[in-house]
> 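What follows is a single structure, and I will ask about it in a moment.
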Amino acid sequence: MNDQAHPLADIVSEAERDFHAAPTPAELENAKARFLGKSGRLTELLKALAALPIDEKKARGAEVNQAKLRIESALNARRDALADAELNRQLQAEALDVTLPGRQRGEGSLHPVSRTIDRIEAIFASMGFDIAEGPEIETDWMSFTALNNPENHPARSMQDTFYVDIKDEQGRWLNLRPHTSPMQVRYAKAHAARYAQAVAEGLTMPEVRVIAPGRVYRVDSDATHSPMFHQIEGLWLGENVSFKDLKVVFASLVREFFETDDFDVRFRPSFFPFTEPSAEIDIRFGSGPLAGKWLEVAGSGQVHPNVVRNFGLDPEAQIGFAFGIGADRFAMLRYGIDDLRLMFDGDLRFLSQFA
Ligand code: PHE
């Protein structure tokens with residue numbers, strides 16, 4: 001060892017230089033070992049103190065210790081610097097570039113069926129109709145019995161109606177409503193109850209004028225049938241309501257919805273248990289891509305006396321007209337869509353065309 005030849009100050013500045021030059025913590029620890037390790041240069045000097053006479057030992061010891069403190073402080077400074085550099089490197093790596101343009105989230109738009117229902121609601125509202133909504137899970141009485149469906153009517157069968165694995169108070173399975181017609185019953189019953197007192201006092205009950213849009217469910221699926229689709233039920237009930245009123249209301253709807261006068265409306269005799277007489281409503285445009293074709297858009301009829309009785313009203317006094325509009329059908333005709341399934345696939349390439 002020729003460190004005696006090196007003044008302590010040189011060892012310190014060598015250590016400082018080596019530490020400063022160490023690019024990584026691992027290399028710094030290697031450099032540390034060369035000075036402060038078991039046989040490091042400073043450690044050797046400390047060991048050598050033992051051989052000195054007592055008075056020299058004191059003075060030399062103080063110097064060596066001083067040098068050791070300086071080397072340790074250089075070491076710690078470099079450790080801190082390397083740790084800071086590492087932290088900065090990580091922060092840099094994770095840095096957000098706030099000047100990058102944001103990812104576009106795309107503006108949503110209303111589904112064509114929702115737009116259709118909104119427009120039909122506005123048209124009926126302008127003709128003094130209330131708008132009501134009701135449950136999609138119905139009792140057997142509401143979906144069938146109150147609507148004059150015989151016990152063995154095919155609509156009740158499992159092939160047509162979805163049943164829910166829960167029974168109602170009468171011990172009958174609940175169903176996913178296969179049409180919006182239960183809303184005739186719910187709304188008219190509530191209306192009758194609301195005015196019962198006034199009627200008992202000799203006043204005339206205000207007419208029922210309501211539409212009830214919503215989802216309905218049937219076991220059916222092809223290009224023109226979906227297991228879930230939308231109807232808009234309508235009910236107009238009063239002492240002086242006639243089929244003529246239904247015709248006027250329906251023609252107004254078609255005129256305003258399709259924004260044309262160039263069409264015909266046809267009432268084609270049909271059958272529903274809850275109306276008598278009953279009619280399918282067909283429309284035919286005089287121009288446009290569908291010109292000349294009769295298109296079925298709704299079922300309708302005069303509310304059956306048994307049903308008026310189930311409303312809690314007197315069929316001798318109240319005559320009603322009901323209709324059930326195929327809302328999806330209206331949307332398809334309006335937008336020129338030929339496959340109902342497109343409506344419910346949720347494919348944005350299709351839906352964004354209505355934005
Ligand atoms: N509920 C019938 C259907 O779903 C439509 C309808 C409603 C018919 C009201 C007459 C009166 O087919």
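Read the numbers this way: they start at 1 and go in the same order the structure lists the ligands and their atoms.
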> Listing by chain and number, which residues have a heavy atom under 4.0 Å from ligand 1?
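Residues within 4.0 Å of ligand 1: His179, Ser181, Gln184, Arg218, Gln231, Glu233, Phe272, Phe274, Thr275, Gly299, Ser300, Ala322, Phe323, Gly324.
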> Kindly assign one of parallel, tilted or perpendicular to the pair Phe124 and Phe323, based on the angle between their ring planes and the thresholds 30° and 60°.
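Aromatic pair Phe124/Phe323 classed parallel.
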> What I want to find out is whether Glu16 reaches Arg78 closely enough, with some N-O distance under 4.0 Å, to be called a salt bridge.
no
> At their closest point, which heavy atom of Ile337 faces which heavy atom of Ala331, and how far apart are they?
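Answer, listing the atom of Ile337 first, then Ala331: CD1-O, 4.4 Å.
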> Could I get the full list of side-chain contact (heavy atoms from CB on, under 4.5 Å) partners for Arg341, not counting sequence neighbours?
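Partners of Arg341 under the side-chain contact (heavy atoms from CB on, under 4.5 Å) test: Ala223, Asp339.
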> For Phe330, check ring pair (Phe, Tyr, Trp, His ring centres under 6.0 Å) against everything at least two apart and list the hits.
Phe257, Phe258
> Table please: side-chain donor-acceptor pairs of residues 18-26 below 3.5 Å, with sequence neighbours left out.
residue : atom : partner : partner atom : Å
Asp18   : OD2  : Arg34   : NH2          : 3.1
Thr24   : OG1  : Glu27   : N            : 3.2
Thr24   : OG1  : Glu27   : OE2          : 3.2

